[in-house]
Visitor: 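The structure follows.
Note: hydrogens, waters and symmetry copies are ignored here, and every other heavy atom, side chains too, is used. All chains are named by letter (A, B, ...) in the order of the sequence lines, taking the proteins before the strands, and each is independently numbered beginning at 1.
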There are 2 protein chains.
Amino acid sequence: MQKQLHPNISVDCVIFGFDFEKLNVLLVERTYLHPETKEVIFSDYTLAGNHVYVDENLVDAAKRVLNNLTGLDNIYLEQFYAPEDPGRLLKKNDQLWLKKEGKNPEERVVSVCYFSLLNCKEVSIQKKDRNVDWHPISEIRNLGFDHDIILAQALKSLQVKLQNEPIGYEMLPLKFTLSQLQKLYEVVFDMEFDKRNFRKKVSKMKYLIQLDEKQKGVSHKPARYYIFSRDVYEKTKSDILNFSV
Amino acid sequence: MQKQLHPNISVDCVIFGFDFEKLNVLLVERTYLHPETKEVIFSDYTLAGNHVYVDENLVDAAKRVLNNLTGLDNIYLEQFYAPEDPGRLLKKNDQLWLKKEGKNPEERVVSVCYFSLLNCKEVSIQKKDRNVDWHPISEIRNLGFDHDIILAQALKSLQVKLQNEPIGYEMLPLKFTLSQLQKLYEVVFDMEFDKRNFRKKVSKMKYLIQLDEKQKGVSHKPARYYIFSRDVYEKTKSDILNFSV
DNA sequence: AAAAAAAAGTGTACATGGTACACTTTTTTT
DNA sequence: AAAAAAAGTGTACCATGTACACTTTTTTTT
C-alpha cells in the first residue's frame with residue numbers, strides 16, 4: 001500500500017452502535033474557528049471518513065477509518081452507497097473546512113460508503129485530538145457535507161439487511177437476552193413488537209442458542225442468556241424467496 | 001457539464017433485458033488486434049461503461065451510457081455496487097486494451113455500478129462502430145476487467161429488489177400477460193413457479209390491472225392483457241416488515 | 001419477614017399466506 | 001373435425017403472523 005491519499009476517492013463510514021436502549025451513530029465534531037479571531041464560525045458533526053490511499057482497497061480504507069476511531073479490527077462492514085452529486089462538497093461551510101484541512105475544495109471526490117455495526121458498550125472511542133461520540137439516530141440532523149443523505153441511505157440499507165440476515169448479533173455482546181435482541185429490532189425498525197410473538201419467531205432460528213447461564217446484578221428476575229452460532233446459521237440458511245410487494 | 005472525462009471515476013451499467021424467454025445482458029464486444037499484423041490477440045465482452053465527465057452526476061453518466069447504446073431515456077436505473085479492489089484493471093488484456101483506448105493503464109479508476117431494466121423487444125441497439133448485443137445471462141463468463149464480479153453482484157441486487165418492489169414491469173411491455181410476468185420472475189430467480197399459486201399471489205397486487213383486451217396472433221387460446229399502475233402501487237404500498245432469516 | 005417493584009417467561013385462538021396438485025376452456029392449425 | 005397449445009381455474013392442508021394477559025422469579029423497600 002502506497003502512502004499517498006488519492007485526492008478523488010474517499011470512504012465514509014456510518015458506524016451504528018446499540019447501547020441496549022437506542023440506535024446510535026458515531027459522529028465526529030467539526031468546529032471551524034476564524035483563522036485570526038479564533039471565534040467559532042460554525043460547529044457541526046460529520047460521519048467518519050477519509051480519502052483512500054492510492055493503492056488501497058476500498059474496504060480496507062473503511063476498516064482503517066473504523067480502526068482509527070475504535071481500535072477494533074474484524075468489525076462488520078457493508079458497502080451500501082456512493083453519493084452521485086458532483087456538487088456534494090460545495091456548501092459554504094464544507095468549502096471552508098476543506099481548505100482548512102489542506103484539501104483542494106474544488107476537487108471532485110467520489111465517496112464509497114460503508115455501514116458498520118458495533119455494541120456501544122464494548123467500544124472505547126479513540127478520541128485523539130477530535131471530539132468523537134455516539135449520537136442517538138433520532139436526534140441527528142444537519143450533518144456536514146452530504147452526510148444526512150448518506151445516513152438516511154445507511155438506515156434503509158441496514159433495515160433491508162436485517163430483514164434478510166441475522167446481523168443484529170454484530171451489535172450485541174456475545175451473550176445477550178431475548179429482550180435485548182427484541183429491543184435491537186425495535187430501535188432499528190422504529191417499531192414495537194409483541195414479546196410473545198417475537199419469541200415465537202426467534203425460537204425458530206436454530207442458530208440462536210440458549211445458555212444455562214443467567215443475568216446477574218439486575219434488580220428483577222434475571223433473563224437467560226443466548227448466543228448466536230454462526231456455524232449453525234451458515235449450515236441452515238436456505239434461500240427462501242418471497243417477492244412480497 | 002464540463003466536457004472532460006474524469007480519469008479516476010467511471011460508471012458501469014449492467015443492462016438487463018427480458019425477451020419473454022430468458023434474462024439477457026447487453027454486452028460490448030472487445031477485440032484487440034495486434035497493432036501491426038492486425039491478428040486478433042484477444043476478443044471478449046465487457047459491460048457498458050464510461051468515465052464520467054468531471055462535473056457530471058454519476059447517475060447522469062449512467063443514463064448517458066444507456067442512451068448511447070439504446071437511444072432511450074427514462075430507463076429504470078439502480079445503483080448497486082462499487083468494486084473495491086485497486087487492481088481491478090490490471091490484468092494483461094485489460095492493460096493492453098486501456099492503452100489502445102488512449103487511457104493511462106496505471107490510473108486507478110473507481111467505478112460506480114448501476115443496473116437497468118429493459119424489454120429487449122422494445123429496444124433497437126445502437127451499434128455504431130461497436131458490436132453490441134444481448135447475451136443470455138446463463139451463458140456469460142470471462143468478461144473483461146472485473147465485470148464478472150460486477151455482474152454477479154448485479155444479479156443478486158436485482159433479485160433482492162424484485163422481491164421487495166414490483167420492478168418487473170420495467171422489463172415488460174405496457175401490456176403483458178400473466179404468463180409473461182411469471183416467466184420473468186422465473187428467469188430472474190432461476191426457479192419455476194406453480195401457475196395457480198403464482199396467479200393467486202399476483203391477484204393480491206392491486207396495482208396489477210386486468211384489461212378487456214386479449215392477445216392476438218397467437219396460435220392458442222389468447223391471454224388477457226394486464227397493465228401495471230404506478231399510481232395504485234404508490235398509494236397502496238405499505239412498509240411491511242418480516243425479518244425472516 | 002413481608003410487600004412492592006420490575007422484568008422474565010409463557011399459550012391459545014384466529015386469520016392470513018404458502019404449497020401441492022389436475023382438469024377444462026379457448027383458440028389456431030392441420 | 002381433430003389435434004395442438006397455452007390459458008385459466010379451486011380446494012385442502014400446513015405454516016406463519018397476530019392479538020392478547022397472567023404467573024414467575026428476583027431484588028428492593030419497608
Visitor: Should the pair B:Lys175-B:Asp212 be classified as a salt bridge under the 4.0 Å nitrogen-to-oxygen rule?
Guide: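 Not counted as a salt bridge, because no side-chain N and carboxylate O are separated by less than 4.0 Å.
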Visitor: Starting at CZ of B:Phe193 and ending at P of C:dG18, how long is that distance when rounded to a whole Å?
Guide: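 Computing the B:Phe193:CZ to C:dG18:P distance gives 12 Å.
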Visitor: All N/O contacts under 3.5 Å from nucleotides 9-11 of chain D to the protein, with atom names and distances to one decimal?
Guide:
| residue | atom | partner | partner atom | Å |
| --- | --- | --- | --- | --- |
| D:dT11 | O4 | B:Lys200 | NZ | 3.1 |

Visitor: Are the aromatic ring centres of B:Tyr169 and B:Phe176 under 6.0 angstrom apart?
Guide: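 They qualify: ring centres under 6.0 Å apart.
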Visitor: Tell me if the aromatic rings of A:Phe18 and A:Phe16 count as close, with their centers under 6.0 Å from one another.
Guide: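 No.
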Visitor: Within 45 degrees of the axis of the six-membered ring of A:Phe145 and under 6.0 Å from its centre: does A:Arg30 put its NZ or CZ there?
Guide: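 Yes, A:Arg30 lies over the aromatic ring of A:Phe145.
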Visitor: How long is the line joining CG of B:Leu181 and P of D:dA7, in whole Å?
Guide: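 Going from B:Leu181 (CG) to D:dA7 (P), I get 12 Å.
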Visitor: Determine, step by step, whether A:Tyr226 and A:Phe228 satisfy the ring pair (Phe, Tyr, Trp, His ring centres under 6.0 Å) criterion, reporting the C-alpha distance in whole Å, the side-chain angles of both residues, the deciding distance to 0.1 Å, and the verdict.
Guide: CA-CA 7 Å; A:Tyr226 287 75; A:Phe228 169 67; over 10 Å; no
Visitor: Provide, to the nearest angstrom, the distance between the NZ atom belonging to A:Lys216 and the C1' atom belonging to C:dA7.
Guide: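 Spelled out: NZ on A:Lys216 to C1' on C:dA7 is 19 Å.
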Visitor: Can you give one letter per nucleotide of nucleotides 22-30 of chain D, 5' to 3': B if a protein heavy atom sits under 4.0 Å from the base, S if only from the sugar-phosphate, - if neither?
Guide: --BBBSS--
Visitor: Give a yes-or-no answer on whether the side chains of B:Tyr81 and B:Gln153 include a donor-acceptor pair shorter than 3.5 Å.
Guide: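 Short answer, no.
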Visitor: What's the spacing between B:Glu78 CD and B:Leu158 CG if we round to 0.5 Å?
Guide: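 B:Glu78 atom CD to B:Leu158 atom CG measures 9.5 Å (nearest 0.5 Å).
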Visitor: In whole angstrom, give the distance that lies between atom CD of A:Glu186 and atom C1' of C:dA7.
Guide: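 After rounding, the reported distance stands at 14 Å.
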Visitor: Roughly how many Å is it from NZ in B:Lys204 to P in C:dA15, rounded to a whole number?
Guide: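 Taking atom P of C:dA15 as the reference, NZ of B:Lys204 is at 16 Å.
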Visitor: Paired with D:dT30: which nucleotide, if any, by Watson-Crick or G-U wobble criteria at under 3.5 Å for both distances?
Guide: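 WC or wobble partner is C:dA1.
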Visitor: Provide, to the nearest angstrom, the distance between the NZ atom belonging to B:Lys201 and the P atom belonging to C:dA20.
Guide: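 Rounded to the whole Å, the gap is 13 Å.
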Visitor: Is the distance from OP1 or OP2 of D:dA6 to the nearest side-chain N or O of B:Ser179 less than 4.0 Å?
Guide: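 For B:Ser179, the contact criterion (side-chain N or O under 4.0 Å from OP1 or OP2 of D:dA6) is not met.
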Visitor: Should we count CD1 of B:Ile125 as having more than 12 external heavy atoms under 6.0 Å?
Guide: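 Counting other residues, nucleotides and ligands, CD1 of B:Ile125 exceeds 12 neighbours.
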Visitor: May I ask which nucleotide in the shown strands pairs with C:dA7, Watson-Crick or G-U wobble, both distances under 3.5 Å?
Guide: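 Pairing partner, where one exists within any strand: D:dT24.
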Visitor: Taking CD from A:Gln182 and P from D:dT18, how many angstroms apart are they, rounded to a whole number?
Guide: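 Rounded to whole Å, this separation is 13 Å.
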Visitor: Provide, to the nearest angstrom, the distance between the CE atom belonging to A:Met205 and the P atom belonging to D:dG17.
Guide: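 Between P of D:dG17 and CE of A:Met205: 9 Å.
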Visitor: Regarding B:Tyr114 and A:Glu84, do their side chains bring together a donor and an acceptor under 3.5 Å, going by distance alone?
Guide: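 Looking only at side-chain atoms, A:Glu84 and B:Tyr114 do form a donor-acceptor pair, the distance falling under 3.5 Å.
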